[in-house]
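Following: one structure in structure tokens, then a few remarks.
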Amino acid sequence: MRKAVYPGSFDPATNGHLDIITRSAKLVDKLVVAVLDNTSKVPLFSVEERVEQLKEITKHLPNVEVMSFSGLTVDFAKSINSNIIIRGLRGVTDFSYEFQMALTNRSLDNEIETLFVSADTQYLFFSSSIVKELLSFDGNIKNMVPKVVEEALYKKIKTRG
Ligand code: ADP
């Protein structure tokens with residue numbers, strides 16, 4: 001069975017992420033979207049909230065599973081018997097970092113391959129940080145994130161005051 005991991009912070013998940021998930025799910029038997037529980041960054045959404053949001057927006061994709069993880073991506077991939085890491089590329093700005101990460105992961109485990117998938121052009125300028133920045137200035141994020149994420153973002157902003 002061909003199993004891939006798509007790791008990321010997904011804070012929050014955007015339509016760009018969802019496009020990568022949809023495209024990648026067609027390439028493999030099982031795609032595990034892996035939400036990084038990163039203790040060094042303070043996220044807007046808790047890892048549980050991000051997992052729930054991703055589960056909701058991928059519920060129509062039967063071969064997609066959402067999990068959380070901490071530590072190294074290669075260790076997580078190995079723990080679920082996957083040897084493919086999916087990463088999204090938005091353009092040259094992502095490339096040098098992503099290439100470096102891919103080579104680092106290969107040096108950690110030579111059996112694991114990184115596959116780069118690009119989102120449709122309409123999503124290429126979307127990022128979680130731009131969504132959060134727009135939101136803080138009351139900008140329109142409607143087309144950038146799935147409906148459930150949009151609602152969760154407005155709720156979060158309200159409760160934070
Ligand atoms: P990380 O903190 O690991 O970079 P992100 O959640 O920001 O996590 O991104 C996860 C992956 O999705 C990365 O490979 C990133 O390049 C990719 N990605 C994010 N937004 C887009 C987008 N709009 N189009 C294509 N790929 C994207």
Side-chain angles (χ1 to χ4, degrees), residues 3-28 31-58 61 64-80 82-109 112-136 139-150 152-153 156:
K3 199 183 211 182
V5 178
Y6 177 36
S9 309
F10 305 105
D11 187 39
T14 67
N15 286 333
H17 291 128
L18 186 55
D19 192 49
I20 299 287
I21 294 171
T22 309
R23 289 171 191 282
S24 309
K26 290 182 195 155
L27 303 175
V28 293
L31 177 70
V32 175
V33 179
V35 182
L36 179 63
D37 193 359
N38 186 346
T39 44
S40 67
K41 267 195 215 165
V42 181
L44 180 62
F45 290 109
S46 70
V47 70
E48 293 80 13
E49 287 172 320
R50 284 176 276 153
V51 166
E52 274 318 303
Q53 290 163 10
L54 278 156
K55 279 187 177 168
E56 183 62 27
I57 66 177
T58 59
L61 299 167
V64 172
E65 193 179 332
V66 185
M67 295 173 80
S68 63
F69 79 108
S70 54
L72 295 174
T73 306
V74 287
D75 289 340
F76 175 71
K78 252 188 285 185
S79 76
I80 58 160
S82 167
N83 63 349
I84 304 170
I85 295 174
I86 304 271
R87 292 289 288 177
L89 273 187
R90 280 163 290 200
V92 285
T93 44
D94 279 341
F95 182 76
S96 56
Y97 173 74
E98 292 293 343
F99 190 50
Q100 196 180 6
M101 277 305 298
L103 292 181
T104 304
N105 285 334
R106 178 174 286 167
S107 78
L108 293 171
D109 189 330
I112 293 189
E113 297 297 342
T114 301
L115 294 189
F116 295 112
V117 176
S118 56
D120 195 73
T121 47
Q122 62 182 311
Y123 305 120
L124 285 185
F125 66 96
F126 293 8
S127 76
S128 302
S129 31
I130 286 197
V131 166
K132 285 182 277 193
E133 199 159 325
L134 273 178
L135 194 74
S136 70
N140 188 355
I141 53 159
K142 223 184 188 61
N143 299 322
M144 292 190 160
V145 293
K147 189 90 191 134
V148 280
V149 174
E150 187 193 341
L153 279 165
K156 182 68 84 180

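It should be emphasised that the depicted structure is a prediction, and the values quoted were computed from it without experimental measurement. Read the numbers this way: they start at 1 and go in the same order the structure lists the ligands and their atoms.
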*Check each atom of ligand 1 against the heavy atoms of Glu98 and keep those under 4.0 Å away; list them by number with element.*
13 (C), 14 (O), 16 (O)
*So which heavy atom in the protein is nearest atom 21 (C) of ligand 1, and how far is it from that ligand atom?*
Arg90 CD, 3.6 Å
*Quick one: list whatever passes side chain to side chain donor-acceptor pair (under 3.5 Å) with Glu133, sequence neighbours left out.*
none
*Does any N/O atom on Tyr123 come nearer than 3.5 Å to any N/O atom on ligand 1?*
yes
*Is it true that Pro7 lies under 4.0 Å from ligand 1, counting heavy atoms only?*
yes
_Which residue and heavy atom of the protein sit nearest atom 4 (O) of ligand 1, plus the separation_ = Arg87 NH2, 3.3 Å
*CZ/Phe125 to OG1/Thr14 distance, rounded to the nearest 0.5 angstrom?*
10.5 Å
_For ligand 1, which is the ligand I care about here, please tell me if Asp11 has any N or O atom under 3.5 Å from one of the ligand's N or O atoms._
no
*What atoms in ligand 1 come closer than 4.0 Å to a heavy atom of Gly16?*
22 (C), 23 (N)
*asked:* Between Asp94 and Arg90 (side chain of the first, backbone of the second, donor and acceptor by atom type, cut-off under 3.5 Å), is there such a pair?
replied: yes
*asked:* If the cut-off is 4.0 Å to any non-hydrogen atom of Ile20, which atoms of ligand 1 fall inside it?
replied: 25 (C), 26 (N)
_I need the Ile57 CD1 to Ile21 CD1 distance, nearest 0.5 Å._
5.5 Å
*asked:* Distance check, rounded to the nearest 0.5 Å: Leu115 atom CG versus Glu113 atom CD?
replied: 7.5 Å
*Among protein heavy atoms, which lies nearest atom 12 (O) of ligand 1, and at what distance?*
Tyr6 OH, 2.7 Å
*Before signing off on this row, confirm whether Thr14 and ligand 1 have an N or O atom pair separated by under 3.5 Å.*
no
*When rounded to the nearest 0.5 angstrom, what distance separates CG in Asn143 from CZ in Phe126?*
6.5 Å
_Donor-acceptor pair, distance only, cut-off 3.5 Å: does the side chain of Ser128 make one with the backbone of Phe10?_
no
*Could you tell me the separation between the CD atom of Glu65 and the NZ atom of Lys3, rounded to the nearest 0.5 Å?*
7.0 Å
*Which residue and non-hydrogen atom of the protein lie closest to atom 7 (O) of ligand 1, and at what distance in Å?*
His17 NE2, 4.2 Å
*May I ask you to decide if the ring planes of Phe95 and Phe116 are parallel, tilted or perpendicular, using 30° and 60° as cut-offs?*
tilted
*For atom CZ of Arg23, is the number of surrounding heavy atoms from other residues, nucleotides or ligands below 6.0 Å larger than 12?*
yes
*Output the distance between atom OG1 (Thr22) and atom CG (Leu61), rounded to the nearest 0.5 Å.*
5.0 Å
*With heavy atoms of Asp94 as the reference, note each atom of ligand 1 found under 4.0 Å away.*
16 (O)
*Looking at atom 8 (O) of ligand 1, what's its closest protein heavy atom, distance included?*
Ser9 N, 3.0 Å
*Which ligand 1 atoms, with their elements, are less than 4.0 angstrom from a heavy-atom of Phe10?*
6 (O)
*asked:* Just to confirm my output: which protein heavy-atom neighbour is closest to atom 16 (O) of ligand 1, and how far is it?
replied: Gly88 O, 2.8 Å
*Does ligand 1 have any atom sitting under 4.0 Å from a heavy atom of Phe125?*
no
*Distance filter under 4.0 Å to Ala119 heavy atoms, resulting ligand 1 atoms*: 24 (N), 25 (C)
